[in-house]
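Along the sequence shown, the residues carry numbers beginning at 1. Since the structure is predicted, the reported quantities are computational estimates derived from the model, not experimental observations. Atom set for the values below is all heavy atoms of this structure, side chains included, hydrogens, waters and symmetry mates excluded. Counting starts at 1 for both ligands and their atoms, following the listed order.
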Amino acid sequence: MSASSSQIAALAGDGIGPEVMREAVNVLRAVEQRFSLALTITEAPVGWAGIDSTGHALSPEVMNLCKKSDAILFGSVGLPDRDGTVPKEQRPERAALLRLRQEFDLYANLRPVRLYPQLAHACPLKAERIADGVDMLVVRELTGGLYFGQPKETTQLADGQRRAVDSMVYTTSEIERIARVAFHEARARRRHVTSVDKANVLESSVLWREVVTQVARDFPDVTLEHMLADNTAMQMLLRPSRFDVLLCENTFGDLLSDEAAALAGSLGMLPSASLGVGGKAGRSFGLYEPAGGTAPDIAGKGIANPIAQILSAALLLRHSLGFADAADAVERAVADAIAAGCRTGDIRAASDAPALSTSEMGQAIVTHLLHS
Ligand code: NAD
C-alpha cells in the first residue's frame, strides 16, 4: 500500500478529548518520522464542539470526511451539564457516536486490557491475584443481541400493568463474523479463546456455542473453551491471568469489558477499536477511541492521561492501515515511558515522582518512540 494513501479523520470531541487527541496526533507525527510514512490527518469538530461550531453533533461534512478516510481516531463526546438543553436523540453520544457505529456497521469492538507490572498498585485486586499479570483482549459483538433485537417495546396490559420486552437475537452469520475476529486476534497473542455465553438457559447462546465451535475448526492452532458468563465474571477477579481473548455477545461483552477495564487501574490507560466491514486492501475500516469519556471533572486542567488515546492510535495503525511495526513501536514506547517512571495523576502511587501533565506524558512517549 502506498503510505500517502492513508487518511485519518481525527475527531477530538469534548472535555479532555482535544487535550489527549493533541498528544495522539503528535505521536502519529513521530511515527511518520521514524517509519518514513505520510499520514493525512484531518481534524474536525464533533459532539458539543460540533454543535457549537456547525450546529451539528456530526455535520454532513464531517460524515463525508469519515467516509473518505481509512479510519477514524475519535476522542470522546458528551457534557453532562448540557444534557438537558437538547432532546435525547440530539445528544452527541447518540447523534455522533451511535450514528458513526451504525453508518459503518462497526460490529467488532476490541478492548485490550493490560496491567503494566509497574502499575500493580492501581489494580483493585490483591497482589497475589495479579502476580501472573493481566493481559487480555475482550472481543465484543457490537451491533446485534439484546440492544437491537426486535420486538423491543413496552405495552399496556388489560389489568393495568405495563409489560416490557427486549429480544436477544443472533443469526449464524453475525456470530460467525465476530468469532473469526476473535480467533484471528488470538493468533497474534497466546492462542486461547474463551467464548462467553449462557448456553444453559438462552437459545441464542446455544446457537452461539454451536457456531463458535464450528469456526474453531478453521483455527486448529487456537484453543477454544466455553464459559458461562456468570462464571467468567467471577474468574476474572479470581485469576485474571487465565484469560487471553474473551469472545462475547453484545450485553455480556458490555458488562465484562468494564469489569476487565477496572483491572487496568485507570480508564485513562484503555484504548478500544470498533471494526466494521469495508476498508481498503482487505483491511478493516475502524473507529478508535479511549474506553473512557470526556472526564468533565478534570477537563481543561491539562492533567488527563493521554495513553488511552495514544494506544487507540496504535490500534488504528495496526488494524486499518496495516502498519503493524509502527503499532508495536508505539505500544513499546508507552511501556518504556511507564517503566521509566512517567506517571499522570490517575496512575501515580504516593511513592512516585510528581505527576506529569498530559503534554509531558505525550512528549515522554514521543521521545521513547524516536530514540529507543
Ligand atoms: P468518564 O469516563 O468521562 O470519567 C470517569 C472517571 O474516569 C472520571 O473520574 C475521569 O476523570 C476519569 N478518567 C477518564 N478518562 C481519563 C483520562 N484519560 N485520564 C485520567 N482520568 C480519566 O465517564 P463519565 O464521567 O461517566 O462521563 C462523562 C461524559 O462522557 C458523559 O457525558 C458521558 O456520556 C460521556 N462519555 C462519552 C463516551 C464516548 O464518547 N465514547 C464514553 C463514555 C462516556
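Comparing I307, I298, L267 by heavy-atom distance to atom 5 (C) of ligand 1, the nearest is L267.
Inclusion of V77 in the set of residues having an N or O under 3.5 Å from an N or O of ligand 1 is warranted. The shortest N/O to N/O separation between N305 and ligand 1 falls below 3.5 Å. For T294, a nitrogen or oxygen atom sits less than 3.5 Å from a nitrogen or oxygen atom of ligand 1, counting backbone and side chain alike. Considering backbone and side-chain atoms alike, A295 places an N or O below 3.5 Å from some N or O of ligand 1. For ligand 1, the polar-atom distance check against G75 finds no nitrogen or oxygen pair separated by under 3.5 Å.
By the 6.0 Å contact criterion, CD on E203 is open, its count of non-hydrogen atoms from other residues, nucleotides or ligands being 12 or less. Within 6.0 Å of the CZ atom in R191, the count of heavy atoms belonging to other residues, nucleotides or ligands exceeds 12. The local environment of NZ in K152 is crowded, with over 12 non-hydrogen atoms from other residues, nucleotides or ligands closer than 6.0 Å.
The nearest heavy-atom contact from the protein to atom 34 (O) of ligand 1 is E93 OE2, 2.5 Å. Remark: minimum distance from atom 41 (N) of ligand 1 to any protein heavy atom is reached at E289 OE1, 3.0 Å. Looking only at protein heavy atoms, the nearest one to atom 15 (N) of ligand 1 is I16 CD1, 3.9 Å. Of the protein's non-hydrogen atoms, G268 CA, 3.6 Å is the one closest to atom 17 (C) of ligand 1. Looking at atom 23 (O) of ligand 1, its nearest protein heavy atom turns out to be G293 N, 4.4 Å. Closest to atom 8 (C) of ligand 1 among all protein heavy atoms lies D297 OD2, 3.4 Å.
Ligand 1 does not have S266 within reach: every non-hydrogen atom of the residue lies 4.0 Å or more from it. Residue contact annotation: L79 has a non-hydrogen atom under 4.0 Å from ligand 1.
No side-chain N or O of S205 forms a donor-acceptor pair with one of D197 less than 3.5 Å apart.
Counting heavy atoms closer than 4.0 Å to ligand 1, residue Q309 contributes nothing at all. Contacts of L97 with ligand 1, taken as heavy-atom pairs under 4.0 Å, involve the side chain alone. With a 4.0 Å heavy-atom cut-off, ligand 1 is reached by the side chain of P296 but not by its N, CA, C or O.
The aromatic rings of F219 and F183 lie parallel to each other, their planes meeting at an angle below 30°, with 60° marking the opposite boundary. The aromatic rings of F285 and F104 sit parallel to each other, their planes meeting at less than 30°, with 60° as the upper class boundary.
Side-chain N or O atoms of D135 include none that pairs as donor or acceptor with a backbone N or O of R114 at under 3.5 Å. Using a distance-only test at 3.5 Å, with no hydrogens or angles considered, no donor-acceptor pair links the side chain of S284 to the main chain of G286.
Annotation for ligand 1: atoms under 4.0 Å from non-hydrogen atoms of G78 are 29 (C), 32 (O). The S76 neighbourhood of ligand 1 comprises atoms 39 (C), 40 (O), with distances under 4.0 Å to a heavy atom of that residue.
Hydrophobic clustering keeps L321 apart from L106 (ILVMFWY residues linked when any side-chain heavy atoms are closer than 4.5 Å, directly or through intermediates).
Within the 4.0 Å cut-off (strictly below), no protein heavy atom is located near atom 26 (O) of ligand 1.
The two residues A57 and P92 make their nearest non-hydrogen contact at CB-CA, 4.0 Å.
No option in V181, N250, L275 other than V181 meets the side-chain contact (heavy atoms from CB on, under 4.5 Å) test with Y107.
Contact of the E185 side chain with the H319 side chain is registered, since non-hydrogen atoms from C-beta on lie closer than 4.5 Å.
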